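Encoded as structure tokens, the structure appears first; notes follow it.
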Amino acid sequence: MSFASVVDVLSGEIAVGSEITVRGWVRTRRDSKAGISFINIHDGSCFDAVQAVVPSEVDNYQSEVVKLTTGCSVAVTGTVAESAGQGQAFELQATKVHVYGWVEDPDTYPMSPKRHSMEYLREHAHLRTRTNVTGAVMRVRNCLSQALHRFFHEQGYLWVSTPIITASDAEGAGEMFRVSTLDMMNIPKKDNGQIDYAQDFFGKEAFLTVSGQLNVESYACSLSKVYTFGPTFRAENSNTSRHLSEFWMVEPEVAFADLNDIAGLAESMLKYAFKAVLTERADDMAFFQQRIDSGVIDRLQQVIEQDFVHMDYTDAVEILQNCGKKFEYPVAWGTDLQSEHERYLAEVHVGAPIILKNYPKDIKAFYMRQNDDGKTVAAMDVLAPGIGEIIGGSAREERLDVLDARLDEMQLPKEQYSWYRDLRRYGTVPHAGFGLGFERLVTYVTGMQNIRDVIPFPRAPKSADF
RNA sequence: UCCCCAGUAGCUCAGUUGGUUAGAGCGGUGGACUGUUAAUCCAUGUGUCGUUGGUUCGAAUCCAACCUGGGGAGCCA
């Protein structure tokens, strides 16, 4: 007798007639007065639960088996058999049922076998892991994560773990969380009344990172092809279905690459990940298609088959101005595109992900490489229908004189970027990279509406429970 | 942070032009039936009506503030 996962039983990997033990949680129990009970057991190894057929001859049938409710944890021993009923190819003919843990009060067990709203599940984030939807999301999330690592590994990229704590408050990508061990009730002050950060843990102000990009550029300028994949923090007071205070980001950075190179990288990376999900998590994707978003599989299939549409910002502005649609905000060259504009381009004009390139320099970050026209920078955004920006990237300014001029123009302190400038002083090379919001990718792939439902324990303004 | 909406049973919601005893479905429980599978059928219980304050003879209902959640916007990934 050996232990087996539900997936091993249902996939037919275990020979009919084998005696095994399956361990997991009860999803439903149905009794037949003919003297048997059907118990569906899930263990997270796949979407479906395995059906255990328990005859009344089992020792604890009356005392325990018929009292099992949704959520109880059990080990069921029996033989694998071809199912006599509809709905599954294989099942478990039980000879022994061991109960690990009961559900205190079935009436108030939060994950009762009925439809729950996503908001309700979020408020029970420690138990929503038992549900179909959260299980499916987490398996797809894992699949995407593994696929991305595999993709970069196969392409010869090194995974570089950039620091989560940073002393630079000038990364320029948003509000940051402070990291400090100072006693908040007794903050040390300098003579001039300002806080004396010299007494803090790092001897200076420290924060949680908003991006690994600047750090990983240093590794790209020596190891050539690198990427980061780790948590990122934004203290923005963003209350939307596509923002988190703590999220994961994938940031490849490539030496000797230009904007078109990384646009191509983004495209092949996404296609690789989508293919992996469709082949490896067909069971979960079928569920999303059926219950969450009826177009989700076709959409991924189309993205895989079609070439991404590339468009210059300047051309996009022209299309928006001439499309005849009335927007709440006017479209003008030099201003950032609004959500409604991005949505029109991705959802109506193209109907698929679109790569927008070469934005006006004044609305983009200091490190983006200036184009020869003097007006634009080599930046790109990948916009996905329904979500908006899923990837943002650029060629990096590798010319020290141009970078310095830009720092001056934006009144950024050069001292704080001394090590970043060194990369341009010593053997500089053209390089480029982008950042992929991992949870936004999971949202797109699953068809889920809210980003808070595709990360195990979401952190957002006024929300850090569990 | 701004705009809009919501908060009533374990869950999803209905109700209320202010007035005695607060409603349904699902879930739970008990039973019937059945190789069942979101089973079906019968029976059955459940409520500080988000919090605090105000108006009133009387508030779950009207008003105010606050809290929480949702949708949209901004910021971005």
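Within every chain, numbering begins at 1; the chains are lettered A, B, ... in the order of the sequence lines, protein sequences first and strands thereafter. Computation of the quantities below employed the complete heavy-atom set of this structure, encompassing side-chain atoms and omitting hydrogens, waters and symmetry-equivalent molecules. Given the structure is predicted, the values throughout are model-derived calculations rather than measurements.
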Under 3.5 Å for both donor-acceptor distances, Watson-Crick or wobble: does [N] have a partner, and if so which one?
N      : answer
B:rC62 : B:rG54
B:rC49 : none
B:rU21 : none
B:rA43 : B:rU29
B:rA77 : none
B:rC2  : B:rG72

Has A:His341 got a side-chain atom pairing as donor or acceptor with A:Tyr329's backbone, closer than 3.5 angstrom?
yes
Donor-acceptor contact below 3.5 Å, side chain A:Thr443 vs main chain A:Glu439
yes
For [X] and [Y], does a side-chain donor sit closer than 3.5 Å to a side-chain acceptor?
X        : Y        : answer
A:Lys462 : A:Asn239 : no
A:Glu217 : A:Tyr420 : yes
A:Asp43  : A:Ser45  : yes

Would you indicate which nucleotide in [options] comes nearest to any side-chain atom of [X]?
X        : options                : value
A:Val53  : B:rG35, B:rG69, B:rU29 : B:rG35
A:Pro113 : B:rA39, B:rG35, B:rG27 : B:rG27
A:Ser339 : B:rA73, B:rA77, B:rG72 : B:rA73
A:Asp336 : B:rG74, B:rC76, B:rA77 : B:rC76
A:Ser238 : B:rA77, B:rC75, B:rU1  : B:rC75
A:Arg234 : B:rA77, B:rG69, B:rG74 : B:rA77

Taking [atom1] from [X] and [atom2] from [N], how many angstroms apart are they, rounded to a whole number?
X        : N      : atom1 : atom2 : result
A:Arg122 : B:rU68 : CZ    : P     : 15 Å
A:Tyr359 : B:rC76 : OH    : P     : 12 Å
A:Asn237 : B:rU1  : CG    : P     : 5 Å
A:Tyr444 : B:rA77 : OH    : C1'   : 16 Å
A:Gln93  : B:rU36 : CD    : C1'   : 13 Å
A:Gln213 : B:rA77 : CD    : P     : 9 Å
A:Gln51  : B:rA39 : CD    : P     : 11 Å
A:Arg30  : B:rC41 : CZ    : P     : 16 Å

Record whether the side chain of [X] comes under 3.5 Å of the base of [N] through a donor-acceptor pair of N or O atoms.
X        : N      : result
A:Asn239 : B:rU1  : yes
A:Gln88  : B:rU36 : yes
A:Arg440 : B:rC76 : yes

One should read off an interatomic distance between A:Leu144 CG and A:Trp248 CH2, to the nearest 0.5 angstrom, of 14.0 Å
With heavy atoms under 4.0 Å as the rule, sort [X] into base, sugar-phosphate or nothing.
X        : answer
A:Glu91  : base
A:Asn450 : sugar-phosphate
A:Gly87  : base
A:Ser241 : sugar-phosphate
A:Ile391 : sugar-phosphate
A:Gln449 : nothing
A:Glu328 : nothing
A:Pro461 : nothing
A:Ser37  : nothing
A:Tyr329 : sugar-phosphate

Spacing of the [atom1] atoms in [M] and [N] (rounded, Å):
N      : M      : atom1 : answer
B:rU61 : B:rU17 : C1'   : 10 Å
B:rU36 : B:rC67 : C1'   : 47 Å
B:rU40 : B:rC26 : C1'   : 15 Å
B:rA73 : B:rA64 : P     : 28 Å
B:rG74 : B:rA59 : C1'   : 39 Å
B:rG10 : B:rC2  : C1'   : 36 Å
B:rU56 : B:rU46 : C1'   : 32 Å
B:rU12 : B:rU48 : P     : 15 Å

Mark up nucleotides 6-13 of chain B, 5' to 3', with B wherever a protein heavy atom is under 4.0 angstrom from a base atom, S wherever such an atom reaches only the sugar-phosphate, and - elsewhere.
----BBS-
Measure across [X] and [Y] and return the closest heavy-atom pair with its distance rounded to 0.1 Å.
X        : Y        : answer
A:Leu441 : A:Ile390 : CA-CD1, 3.8 Å
A:Gly351 : A:Pro385 : C-CG, 4.3 Å
A:Glu389 : A:Asp381 : OE2-OD1, 3.5 Å
A:Leu68  : A:Ile39  : CD1-CD1, 3.5 Å

For A:Phe247, does the six-membered ring have the charged nitrogen or CZ of A:Arg440 within the cation-pi criterion, i.e. under 6.0 angstrom from the centroid and within 45° of the normal?
no
Can a side chain N or O of A:Gln338 be found less than 4.0 Å away from OP1 or OP2 on B:rG74?
yes
On the nucleotide B:rA73, are OP1 or OP2 found under 4.0 Å from the side-chain N or O atoms that A:Arg242 carries?
yes
Between A:Lys225 and A:Tyr157, is a side chain to side chain contact (heavy atoms under 4.5 Å, CB included) present by the stated rule, with each step listed?
CA-CA 5 Å; A:Lys225 295 199 285 188; A:Tyr157 282 70; 3.7 Å; yes
If you pin A:Lys67 and A:Asn40 to their nearest nucleotides in RNA chain B, which one's is more 5'?
A:Lys67
If you find the nucleotide of RNA chain B closest to A:Phe438 and the one closest to A:Arg452, which residue's nucleotide is nearer the 5' end?
A:Arg452
B:rA77 pyrimidine/purine six-ring stacking with A:Phe247, under 5.5 Å and 30°:
yes
